[in-house]
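Working notes, beginning with the structure itself.
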Amino acid sequence: MEPAIRIQPGKERQVLVCRGTGCESQKAKVIFDNLEKELDKAGLSGSVETKYTGCHGFCQQGPTIMVMPAGTFYCNVTPDDVAEIVETDLKGGKPVERLLFLDPKTKDRVLTFRDMRYFNPQRRIVLRNCGFINPEDIDDYIAVGGYEGAKKALSMTQQQVIDNMKASGLRGRGGAGFPTGMKWEFANRSVADQKYIICNADEGDPGAFMDRAVLEGDPHSVLEGLIIGGYAIGATKSYIYVRAEYPMAYERTLIAIDQAKKKGYLGKNIFGSGHDFEIKVKLGAGAFVCGEETALIASIEGKRGMPMPRPPFPAVKGVFGKPTNINNVETLANIPVVMTKGGEWFASTGTEKSKGTKVFALAGKITYSGLVEVPMGTPLREIIEEVGGGILNKRKFKAAQTGGPSGGCIPAEHFDVPMDYENLTQLGAIMGSGGLIVTDETTCMVDMAKFFLTFTQKESCGKCVPCRLGTKKMLEILTDVTKGKATLEDLDQLVTLAEDVKNGSLCGLGQTAPNPVLSTVRYFRDEYEAHILKKECPARVCVRLIKFQVNPDKCKKCGQCASACPADAITWKKKEVAQIDSEKCIKCRSCILACRYNSID
Amino acid sequence: MKEKLQEIFSNHHGTRDALIPVLQDIQGEFGYLPPEAMDAAARFCRMSPVEVYGVATFYAQFKFDPVGRNIIMVCQGTACHVMGGARILEEVASQLQVAPGQTTKDGRFTLETVACIGACALAPAMFVNKDTHGRMKPEKVAEILNGAGN
Amino acid sequence: MDDKLTLTINGISVRGKKGQTVLEVCRENGIKVPTLCFHPKMPPYGGCRLCIVEIQNMRGLPPSCTTPATDGMNISTHTDRLFRVRRTVLELLLAYGNHNCLMCEKNGECELQNLVYEHGIDSVRFKTTFAPKPVDDSSSMIVRDPNKCVLCGRCVRGCLSVQVNGVIDIAARGSDSFITTFNGGLLNDSNCAFCGECVASCPTGALTPKQSHFKGRPWELKKVQTTCTYCGVGCQLELNVKDNEVVKVTTDPDLGGPNKGSLCVKGRFGNDFINHPDRLKVPLVKKNGSLQESTWDEALKIVADKMGSIKKKSGPDSLAFFSSARTTNEENYLVSKFARAVIGTNNVDHCARL
Amino acid sequence: MTNSIEELENSDVILLTGSNTREMHPVISSFIKRGVVSGKTKLIIADPRRIDLVDFADIWLRQKPGSDVAWLNGLMHVIIKEGLYAKKYVEERTEDFDALKKAVSTYTPERVEEISGIPAADLIAAARLYAGAPAAAIAYAMGITQHINGTDAVKSVANLSMLCGNIGIESGGVNPLRGQNNVQGACDMGALPNVLTAYQSVTVPEVREKFAKYWGVKSLPEKPGLTIVETIDAAAKGQIKSLFIVGENPMISDPDLHHVEEGLRKLDFLVVQDIFLTETAKLADVVLPAACFAEKEGTFSNTERRVQRVRKAVEPPGEAKADWEIISEIASRMGYKMKYANAEAIFDEMAKITPSYAGMSYARLENGGLQWPCPTADHAGTKYLHKEKFVRGKGKFHAIEWIPPAEPTDSKYPLVLITGRVLSQYHTGTMTRRSEGLNGLAPECFVEINPIDAQKLGVANGEFVKISSRRGSISAKAVVGETTDVGMVFIPFHYFEAAANNLTIAALDPQAKIPEYKVCAVKVEKVA
């Protein structure tokens, strides 16, 4: 799905410069400034419009530039390349070949984004505008149909809006997948003098960044979602709770709110409907648990972000004791489209119980990491091999980890699983917020479980005992495993404790914290046993169990290890097996990562 | 300090729900939360100082000691972990001779970790103040640190 | 309006009232659900995960202390699943603390001790890797031992919600959490008013009254309910007595009275004057310009004779009586009666105005 | 208190004045604080000191000491002028409204500002807040009463409360907070020079006859007796020759201690019955060792009129005896037979002749006590007074004019002294100074001085200073801070070694005979 491109009247072409966090960190601002200068020099300022956009997802190849309407897509652009693009493409009408995307499979240069295998299988609803509009210009959003959904909703009854939402089958994208329409209905039925709708933009899952991309690239879609939701449930006040780690998302959200206020889309009597609606932005302060609804509410109220048992549910007693509905960014970004195109239209995409699309943050040992949006039910294989370009360095796929610290992994034997809520839950890996971390044979699954548990253990609020101390004890056992100090009894204890923490914890954080452990034990018990019984880490990750010796049977004598060693601990001569000097070795694993043949034990 | 606090308070409504934004502004001004400022924030938000302390220590963002002139953040998110973020952290820590959360003796650097900044596609990533350095390698650390302000 | 509810608990039909929690209904019906962070005076917390129950058509294991009772609820309070979680919770608490009952002041009235016993725990299956933290012994009234703390938050709620003194809160998070004063200082350097609400609400030996240490085991103490001797609030308290000595003051919201289980520093920690060596033990009579020990017989004879003779010589209004706002009603009544009926003067007053 | 302590938690507005509740009545302050924190209660504090509770207040009025009648009249002025008073209540349940209206008409906010220093706008805001509350309570303590016009101030408080219809309703009322455990009971029992139990006046012949008959004597004296301060005066003049003191310590608690000592030394005979050898007992001819509260049976009546049991937990030390036993023995030796089996027998005798206690018995006091009036054995006690109608019929407004304090400051004694108490000490310190923990928290006397005055005097925090009045001087440690205003110092009176009452003036309220502890003129000097 491609958005309607709006080019300024009187201009012929448009150059889009991506300024999402990824590209911005690689001098996108300088590129943009150079572009304006060069266009001016070339006398093209009158006919070519420049625009910067939010992230369009292909961060791996950033910074990127697109020339519209042709769709010419330039990758890895440096500030010095700009002059050539202006000269050759915009003036000369020919693409700059060397900056076009190189398809690694066909070895061909690809001219437009439409032809790229990365974008091709994607279907963009949530990210429909990301990378194509200027996130700091409300008119750009309006030009592509923005705020039409809100206008339509406000002309309907609350129940009609809720019914439409129910018909869409949209489920909360924050992780639990609760049907949004039903959630609205509950909040709608609560009677109170004041209700709230909150946008949860506290994207805490390490490895997921779709919410950030939406707020950075298309903040108005979230505001519009809130306006529609607020109307449906009868809320006149709203908060957007943004992670403090996302300064750009915060800034752009503030700008968007300001612009919407000036247009009369926020404030008193919005769109002349008689309905009032205001949005405030709250900046989180670094606590993963505040993604949990009741903890988020506590945090907004200025308290320690500790969850409260439910019931009472936020729909009955939420922020400041008032009925409150909380939706996540990705959910909200879907809503304007559900309104304009209708619930049935939305429900036509996806699987039986999982409608619409899902944005995945593809990362890890994959060729193209970035944001991808695909229809619900797209097989994992397609996401990894087609969109993601396969595993990095031609290594072997081991597992995909979904759902971050709350999730689990999908091993190679389930590589073809269609990705929807039910299938993932069945495999013990949840949809979560959409983090999709790809691992290969150099990833240790025990270490992976330990990584997530370290995270949840650190992020536990400490209120309930199973989470506060249970995760600590689990982490201690896991650490013993990675040091070769654990027994099989310890492994059994780990699993029973994991079950107790899952059953016994107060909130979602604790209830799901054991998932990475349970899931890896389920699919990779052999790796655990190797650590315990053989005192070996098959993936060569757990440093205490690595000998740092070259296995002469596997060594292909290529010398990659020697050149990667930062400590000059490896000696290698052509056609000879490399030697590691254990005195000098600092156990940094650079050699292991460099070796394509897994020949270092 | 009194005037600066007054200025911060004048931008907020003196109720409990303003506490976290007030603390964020205080940290923005002073780099950390001085005890006197927490005490003043407590009065402003009409809470007891210990509750302010309880809230502030709950959130990872808040610091209780003065920070260095440059903040180095090394991402330890999933993608960065898988791509070797721990190794980058080790390298930075060993070059600066401080552990995460600490400030170098000369006050030039404070080292911190972050549990994902959403730059997963650039993993492993580290940040010097507001600058992002993606696809980090241990050998690039020295150059980046040298490039930071004094 | 009918506010009666009918619920099923462990297969038995019971009654409850609208607005009650599941725990309250259980307790009213004699069903014992274990609790640790729950305290009847305080807002519920739902953190210890011991009062969890299973409720039909409800996900997970909701804590009974926060879950509102609703009509028709079907609740189980003692299933194997619940028992297993509760046991794990208790074992985890034991693994991460110093819970040696032999050396604990709270032995015999410790809620954790009782729970561990009730759950049949005779060993902890987890390896203990507990690192002790320093004990705060700075104040002369309250000893804080974080190693015995289970982070139930009762002291904090007592301080913040009941007394609203704002001295302690939970700091940090997760397994690093600890109970703290402002900026982590010692209790004696804090703004603590030493009301002892925290001590009274602590279920373990983490907060104990210092003056009572080694003065008597709970089962050796006789508790006598009385009214506080200090200000005019009239707090109800219990004097804990061992060997004719008041060694501790305790409270209970069930004692009635205006204070609902709360006290201030004087009522809770200010009764050691009772045993003070300076107490007057025998009558004193002034002889040759100085007070000397005497007998009741001699002293009372002097008083009766002297007052009698002054009354005779100078009239009843040359005598005056100061009664006391610190003695009982009965005694004030008698002083008034004495002045008026025995001596015949209205010269009787007390320090109401001072 | 007209109302009960627990009702304070549900008041819409509490006007708290002349009470450092957080230190003097910590448990009551918790009820107030809980109300404030829950958002239910708005708190107005009128106090010259920045007491801790100011942190919880919505409005803080910092009046000059001795200006209470003025600002109270000012509040009523605003409330009447703006028509915010309870018109129906005033019409149906009160009398003499016009006299009040006339009296307060001259107390414009501007004039009140001049007298009290309270900004006119704050006064108006407080008036609106108080008058706008469905149920507003006033709580006060000695800060209101210990002035030469203390009675006037109390009447003004009652005026204000009635004006807004707050007497006789739940969570409203006029609530004096009693400083000592059984002040209420001592008053109820007739340990006062002008009344017998339950405030039955000695000047009423039927009352005297009733009691004389009940007590088995021919007659009872009809002339009201002397109050404490008057007694000391009379002793100094040689009119009082014998004084029997039960558990009091006038050598610390009474104003102008040099004068007190003079009076006590002049007596022919002084008996002190106490638990310790107090400063007063040291002057006695006979000292009788008494049992403390933990060593005897009895009852106390608290500030909300709740009568509760006192129970014996331990035996008294040595030969010490309960006060009632000692009194009984002396009476018997003087030829009046007082023989009681136990404290309960006394209570039963008292209750029979005390209407408001008539329905009480030890058995009925078991669970939480009873609040008087409790006239019959089936009466549940009274949570708040004057419900539906006042005891006297209609509530009477009093027209009150403000008068200035007895001793104004001048160039020689430029500072106003306020005396009071601290949390961990109690009254004359007889008990608390012998409690290790309590005394440790506040072991020595101090004087609070505002930083501006301290700078003028060249005094630093923690330095010793000499404080003098026309009557004497003491030295104490300076505590420099914002608690007291410029021109004002505060000293707690608990400490015999630096007794604040060496400085205070024995100027009395003409009606209640309360000394003006809260205002006198002093100077502060640096100790060389």
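Predicted model, so just to flag it, every value in this text is computed and none were measured. Only heavy atoms go into these numbers, but all of them, side chains included; no hydrogens, no water, no symmetry mates. Each chain gets a letter, A, B and so on, in the order its sequence line appears, and its residues count up from 1.
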- Message: Given heavy-atom pairs under 4.5 angstrom as the criterion, report whether the side chain, backbone, both or neither of D:R22 touches chain C.
- Response: side chain
- Query: For the candidates C:V224, C:T229, C:T227, which exhibits the highest count of non-hydrogen atom pairs separated by less than 4.5 Å from chain D?
  - Reply: C:T229
- More than 12 foreign heavy atoms under 6.0 Å from NZ of C:K287: is that the case here? yes
- Message: Taking side chain as everything from C-beta outward and backbone as N, CA, C, O, which of these in D:E329 sits under 4.5 Å from a heavy atom of chain C? Side chain, backbone, both or neither.
- Response: side chain
- Task: Report the residue from C:N165, C:D169, C:T181 that forms a side-chain contact (heavy atoms from CB on, under 4.5 Å) with C:C159.
- Result: C:N165
- Item | D:T231 versus chain C, the contacting section by heavy-atom distance below 4.5 Å | side chain
- Count the heavy-atom pairs under 4.5 Å between each of D:N181, D:N302, D:N249 and chain C, then report the option with the highest count. D:N181
- Side chain, backbone, both or neither: which part of D:V307 has an atom under 4.5 Å from a heavy atom of chain C? side chain
- Task: Please flag which part of D:V286 lies under 4.5 Å from any non-hydrogen atom of chain C: side chain, backbone, both or neither.
- Result: both
- Item | Engaged part of D:A290 at the chain C interface, taking heavy atoms whose separation is under 4.5 Å | backbone
- Task: Examine whether an atom of C:A339 lies under 4.5 Å from a heavy atom of chain D, and if so say whether it belongs to the side chain, the backbone or both; otherwise answer neither.
- Result: neither
- Item | Interface moiety of D:P250 toward chain C, non-hydrogen atoms closer than 4.5 Å | side chain
- Message: Please classify the contact between D:F31 and chain C as side chain, backbone, both or neither, with a heavy-atom cut-off of under 4.5 Å.
- Response: side chain
- Query: At a heavy-atom separation under 4.5 Å, does D:E325 approach chain C through its side chain, its backbone, both, or neither?
  - Reply: neither
- Query: Is it the case that more than 12 heavy atoms not belonging to D:E222 sit under 6.0 Å from its CD atom?
  - Reply: no
- Centres of the C:F338 and C:F321 rings: under 6.0 Å? yes
- Task: Kindly check if the number of other-residue, nucleotide or ligand heavy atoms within 6.0 Å of NZ (D:K223) is above 12?
- Result: no
- Message: A quick test of your reading: do over 12 heavy atoms of other residues, nucleotides or ligands sit less than 6.0 Å from CD of C:Q292?
- Response: yes
- Message: Taking side chain as everything from C-beta outward and backbone as N, CA, C, O, which of these in C:S161 sits under 4.5 Å from a heavy atom of chain D? Side chain, backbone, both or neither.
- Response: backbone
- Item | C:T345 side chain vs C:N347 backbone, donor-acceptor pair below 3.5 Å | yes
- Query: Checking D:L441 against chain C: side chain, backbone, both or neither under 4.5 Å from a heavy atom?
  - Reply: side chain
- Using a cut-off of under 4.5 Å for heavy-atom pairs, which of D:F347, D:F293, D:W324 has the most such pairs with chain C? D:F293
- Query: So, D:D285 and C:K306, do they make that salt bridge, N to O below 4.0 Å?
  - Reply: no
- Flag for C:D349-D:T227: side-chain donor and acceptor within less than 3.5 Å: no
- Item | Polar side chain donor-acceptor pair, D:Q180 to D:H427, under 3.5 angstrom | yes
- Message: Counting only non-hydrogen atoms closer than 4.5 Å, does D:E230 touch chain C with its backbone (N, CA, C, O), its side chain (CB onward), both, or neither?
- Response: neither
- State, without any angle test, whether D:T197 and D:D188 hold a side-chain donor-acceptor pair at a distance under 3.5 Å. no
- Message: Heavy-atom cut-off 4.5 Å, strictly under: side chain, backbone, both or neither for C:K222 against chain D?
- Response: side chain
- Item | Matching residue for C:K215 among C:D243, C:N240, C:V247 - test: side-chain contact (heavy atoms from CB on, under 4.5 Å) | C:V247
- Turns out that what part of D:N367 lies under 4.5 Å from chain C's heavy atoms comes down to neither
- Going by distance alone, is a donor N or O of one side chain under 3.5 Å from an acceptor N or O of the other, for D:S435 and C:D272? yes
- Item | Under 4.5 Å from a heavy atom of chain D, the part of C:V241 involved | side chain
- Query: Picking from C:N191, C:I302, C:N275, which has the most non-hydrogen pairs under 4.5 angstrom with chain D?
  - Reply: C:I302
- chain C contacts, top residue of D:R178, D:M350, D:Q184 (heavy-atom pairs, under 4.5 Å): D:M350
- Query: chain D: which of C:E197, C:R279, C:K260, C:M141 shares the most heavy-atom pairs with it under 4.5 Å?
  - Reply: C:R279
- Before accepting this row, confirm whether a basic side-chain N of the pair D:E349/C:K337 lies closer than 4.0 Å to the acidic partner's carboxylate O. yes
- Task: Determine, for C:D297 against D:R333, whether the closest basic-nitrogen to carboxylate-oxygen distance falls under 4.0 angstrom.
- Result: yes
- Query: With a cut-off of under 6.0 Å to the ring centre and 45° to the axis, is D:K321 in cation-pi contact with C:W296?
  - Reply: yes
- Task: Specify which of C:Q225, C:E238, C:K311, C:K301 makes the most heavy-atom pairs with chain D at under 4.5 Å.
- Result: C:Q225
- Tell me, out of C:C231, C:P283, C:C235, C:G344, who's got the most heavy-atom pairs with chain D below 4.5 Å. C:C231
- Message: Using a 4.5 angstrom heavy-atom cutoff, name the option from C:L239, C:N259, C:N244, C:T295 with the most pairs to chain D.
- Response: C:N244
- Message: For C:L263, which atoms come within 4.5 Å of any heavy atom of chain D: side chain, backbone, both, or neither?
- Response: backbone
- Task: Please flag which part of C:S140 lies under 4.5 Å from any non-hydrogen atom of chain D: side chain, backbone, both or neither.
- Result: side chain
- Whatever's closer than 4.5 Å to a heavy atom in chain D on C:C228 counts as backbone
- Polar side-chain atom of C:E331 near backbone of C:T328 as donor-acceptor pair, under 3.5 Å: yes
- Is it the backbone or the side chain of C:L334 that comes under 4.5 Å from a heavy atom of chain D, or both, or neither? both
- Note on the structure: Answer key: most heavy-atom pairs under 4.5 Å with chain C among D:D509, D:V37, D:L243, D:V217 is D:L243
